[in-house]
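Below: the structure, in structure tokens.
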Amino acid sequence: MRIVGGIHSSRRIVSPDGNQTRPTLDKVREAVFSSLGGYFEGGEVLDLYAGSGAVGLEALSRGCKRAVFADPSRKAMSCIRENIATLHEESRCETYLMKDMAVLQKLAQEGRQFSLVYLDPPYAKAHHDEVLSFLCENGMLEHGARVVIESLKEEVYDRDYPSLHPYKDKVYGITRITYYQAD
């Protein structure tokens, strides 16, 4: 795996061994970031099911100011921290060895807001409706924020939320990428 664009372009990163995580392929990550406009001018990214941290690190490489990585797997978190250190990004990153709703509650209590949220949970454990509702209800999305969901191509996410609306859907092989934007 490698970082596709930005200041860390072409830098190699590692992913956890085994089948517990499913890293986002370089070509899919490249397509996602191209769809998002390629580069950012600050903002914070939340990589909620971070695995290797590739998505959050890609966002940092492309101009996001800070990244929050959360994953309940010790193996994945060790990998994320190694990748952060390899890229010398410790000062711009936070890591949480926690389940999704626990970290969301903690971040909401701190009043955190994000310009980009990436959701790529283990497919069998996805509960996007709960996560998206929580993000909206707790004001965790900046104006114009984007939420990206990676899922199996058979899964369709097209529900509107009070302050979050789907605007694009793309299939890459067996993977579906759904884009939401906040009001």
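Only heavy atoms go into these numbers, but all of them, side chains included; no hydrogens, no water, no symmetry mates. Here the structure is a predicted model, which is why all the values come from computation and not from measurement.
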Taking all heavy atoms of P16 and all of A76, pick out the closest pair and write down the distance. CG-CA, 3.7 Å
So do the side chains of I13 and T86 get within less than 4.5 Å of each other, counting heavy atoms only? no
Main-chain N/O of V147 paired with Q181 side-chain donor or acceptor, under 3.5 Å: no
Determine whether R29 and V55 satisfy the following criterion, side-chain contact (heavy atoms from CB on, under 4.5 Å), listing intermediate values before the conclusion. CA-CA 7 Å; R29 216 170 341 104; V55 171; 4.1 Å; yes
Of D71, D120, D100, which meets side chain to side chain donor-acceptor pair (under 3.5 Å) against Y49? D100
Residue K168 excluded, over 12 heavy atoms near NZ under 6.0 Å: yes
Within the structure provided, determine whether Y180 and L132 are in side-chain contact (heavy-atom separation under 4.5 Å). yes
For L87, run the side chain to side chain contact (heavy atoms under 4.5 Å, CB included) check against E82, R11, R92 and tell me which one passes. R11
Closest contact, heavy atoms only, S115 versus G43: OG-CA, 3.4 Å
Can you confirm whether E41 is buried at CD, in the sense that more than 12 heavy atoms of other residues, nucleotides or ligands lie under 6.0 Å from that atom? no
Verify the cluster assignment for F114 and L116: are they in a single hydrophobic cluster under the rule of side-chain heavy atoms below 4.5 Å apart? no
I'd like to know if V68 and I149 are part of one continuous hydrophobic network [Ile/Leu/Val/Met/Phe/Trp/Tyr, side-chain heavy atoms within less than 4.5 Å]. yes
Measure the shortest side-chain to side-chain distance between F33 and V4 over non-hydrogen atoms and say whether it is less than 4.5 angstrom. no
Can D169 and Y157 be counted as having a side-chain donor-acceptor contact under 3.5 angstrom? no
Given the rule in the side-chain contact (heavy atoms from CB on, under 4.5 Å) test, do L141 and Q113 qualify, once you have shown the distances and angles that lead to the verdict? CA-CA 5 Å; L141 300 171; Q113 287 193 315; over 6 Å; no
Is the closest side-chain heavy-atom distance between N83 and V14 below 4.5 Å? yes
Quick one: do F40 and Y118 end up in the same hydrophobic cluster if we chain Ile, Leu, Val, Met, Phe, Trp and Tyr together by side-chain heavy atoms under 4.5 Å apart? yes
Shortest non-hydrogen pair, L57 vs S52, comes out as CD1-O, 4.4 Å
Minimum side-chain heavy-atom gap K153-Y172 below 4.5 Å: no
Step-by-step side-chain contact (heavy atoms from CB on, under 4.5 Å) determination, I177 to V148: CA-CA 7 Å; I177 302 293; V148 179; 3.6 Å; yes
Do we see a donor-acceptor contact under 3.5 Å between the side chains of H8 and E89? yes
Within a strict 4.5 Å, meaning less than it, do heavy atoms of the S133 and Y161 side chains meet? yes
Report yes or no: do S163 and D183 form a side-chain donor-acceptor pair below 3.5 Å? no
Within a strict 4.5 Å, meaning less than it, do heavy atoms of the L152 and R176 side chains meet? no
Determine, for Y39 and R62, whether the Lys NZ or Arg CZ falls below 6.0 Å from the six-membered ring centre while staying within 45 degrees of the axis. yes
Measuring from L119:CG to H128:NE2, what's the distance to the nearest 0.5 Å? 6.0 Å
State, to 0.1 Å, how close V45 and A59 come at their nearest heavy-atom pair, and which atoms those are. CG1-CB, 3.9 Å
Roughly how far apart are L104 CG and K106 NZ, rounded to 0.5 Å? 12.0 Å
With no hydrogens and no angle check, do the side chains of Y167 and R146 hold a donor and an acceptor under 3.5 Å apart? yes
Taking the side chain as everything from C-beta on, heavy atoms only, tell me whether M1 gets closer than 4.5 Å to R12. no
Please determine whether a side-chain nitrogen of the Lys or Arg among E30 and K27 lies less than 4.0 Å from a carboxylate oxygen of the Asp or Glu. no
Can you hop from M98 to F69 via hydrophobic side chains spaced under 4.5 Å? no
For P166 and R159, which heavy atoms make the closest approach, and how far apart are they? CD-O, 3.6 Å
Closest non-hydrogen contact found for A54 with I3 is O-CD1, 4.3 Å
From CG (L60) to CG (D47), nearest 0.5 Å: 10.0 Å
If hydrophobic clusters are built from ILVMFWY residues whose side chains come within less than 4.5 Å, do L46 and M77 share one? no
Considering only NZ, NE, NH1 and NH2 on the basic side and carboxylate oxygens on the acidic side, decide whether R112 and E44 come within less than 4.0 Å. yes
Between V131 and M101, is the side-chain contact (heavy atoms from CB on, under 4.5 Å) condition met? List the steps. CA-CA 7 Å; V131 171; M101 296 312 293; 4.0 Å; yes
R66 bridged to E94 by N-O distance under 4.0 Å: yes
